[in-house]
Amino acid sequence: MYRLMVSKTPPLLLARELVVQYPTASAPALNGLSLEIGRGEIFGLLGPNGAGKTTAISVMTTLLRPSSGSLLLDGEDMLTRPMQARRKIGLVPQDIALYPSLTARENIHYFGRLHGLTGKRLRARCEECLQLVGLGESADRPIATYSGGMKRRANLAVGIVHQPQLLFLDEPTVGIDAQSRNMILENLQRLNEEGMSMLYTTHYMEEAQQLCSRIVIIDAGHVLAEGAPSTLVAARTGCKNLEELFLQLTGRQLRD
Ligand SMILES: Nc1ncnc2c1ncn2[C@@H]1O[C@H](COP(=O)(O)OP(=O)(O)OP(=O)(O)O)[C@@H](O)[C@H]1O
């Protein structure tokens, strides 16, 4: 009798039992966090203030070493081979990480060089990224003269200049108007359709519901729920949407 051979493609990123204890903190920021990001997925990482989202992104982008746990990207150990991993990932951080006295074009060019791009290829990528985020016309103005929405869009352009396989976005639409927000979300969807996988954090639940194929809700550094937003909502009695599910799981008390 023949058995059907099913080859299961491993996830793009596999995090297992990550623990981070900051020296001055009383409780661990990550307390056994495990998650999987599939290829081609927009994966939402949700949680209240202080849940551990930025810490998790710092670990998964090799900026912070966990005290224990494992982390594989494309089957390779990110903790022992961080340089290898850095070529395949991009980061759009929560704070604007651009040089304010340089123009958008100069910033993208600079970060592109850091990623090893040079010559024609670098110039072409600068133009593509500027056009993508709608900054072609303002490309030669210093970042310091930009509006909040323009800075967020330039921040995104810098994160994708080297065409990463997996892009980490830490609240990329915080504090901007509906127009810039809409453009960023459309850009992300387009990049995803072209093959870029993403990990996305936001406090806007409707954004996560619209954008993410799968989410995890975390609190106190570990996972409370994981799955497709619609499946998670449907499985929970009395929940009509992701916001209600989020509040049921994480509670209504304020986080300071
Ligand atoms: N450098 C640090 N030293 C000590 N404690 C820290 C440090 N950075 C973060 N923490 C603590 O670790 C926990 C997780 O913080 P983290 O910033 O990862 O949460 P978050 O989910 O990203 O929050 P937010 O939604 O507010 O950005 C919090 O209790 C925070 O106070």
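Each ligand, and each atom within it, is numbered from 1 in the order the structure gives.
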Which atom pairs, one a donor and one an acceptor, fall under 3.5 Å between side chains of residues 53-60 and the rest of the protein, sequence neighbours left out?
residue : atom : partner : partner atom : Å
Lys53   : NZ   : Gly47   : O            : 2.8
Lys53   : NZ   : Pro48   : O            : 3.0
Thr54   : OG1  : Gln94   : NE2          : 3.4
Thr54   : OG1  : Asp170  : OD2          : 3.0
Thr55   : OG1  : Tyr22   : OH           : 2.9
Ser58   : OG   : Thr54   : O            : 2.9

Measure from every N or O atom of ligand 1 to the protein's N or O atoms and keep only the pairs below 3.5 Å, writing each with atom names and distance to 0.1 Å.
residue  : atom   : partner : partner atom : Å
ligand 1 : 18 (O) : Thr55   : N            : 2.9
ligand 1 : 18 (O) : Thr55   : OG1          : 2.5
ligand 1 : 19 (O) : Gly52   : N            : 3.2
ligand 1 : 21 (O) : Ala51   : N            : 3.1
ligand 1 : 21 (O) : Gly52   : N            : 2.9
ligand 1 : 21 (O) : Lys53   : N            : 2.9
ligand 1 : 21 (O) : Lys53   : NZ           : 2.8
ligand 1 : 22 (O) : Thr54   : N            : 2.8
ligand 1 : 22 (O) : Thr54   : OG1          : 2.8
ligand 1 : 23 (O) : Gly50   : N            : 2.8
ligand 1 : 25 (O) : Asn49   : ND2          : 3.2
ligand 1 : 25 (O) : Lys53   : NZ           : 2.8
ligand 1 : 25 (O) : His203  : NE2          : 3.0
ligand 1 : 26 (O) : Asn49   : ND2          : 2.9

**OP:** Please report the C-alpha distance between Asp77 and Leu72 in whole Å, then the side-chain angles of each, then the deciding distance to 0.1 Å, and finally whether the side-chain contact (heavy atoms from CB on, under 4.5 Å) criterion is met.
**Re:** CA-CA 5 Å; Asp77 190 337; Leu72 299 180; 4.2 Å; yes
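- For the 3.5 Å distance criterion, the side chains of Glu207 and Thr202 qualify, holding a donor opposite an acceptor.
- Using a 4.0 Å cut-off between a side-chain N of Lys or Arg and a carboxylate O of Asp or Glu, Glu206 and Arg181 qualify as a salt bridge.
- For the side chain to side chain contact (heavy atoms under 4.5 Å, CB included) test with Phe168, the passing option among Leu199, Leu45, Val92 is Leu199; the others fail.
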**OP:** Give the C-alpha distance, both sets of side-chain angles, the deciding distance and a yes or no for side-chain contact (heavy atoms from CB on, under 4.5 Å) between Ile215 and Gln209.
**Re:** CA-CA 9 Å; Ile215 56 159; Gln209 198 148 9; over 6 Å; no
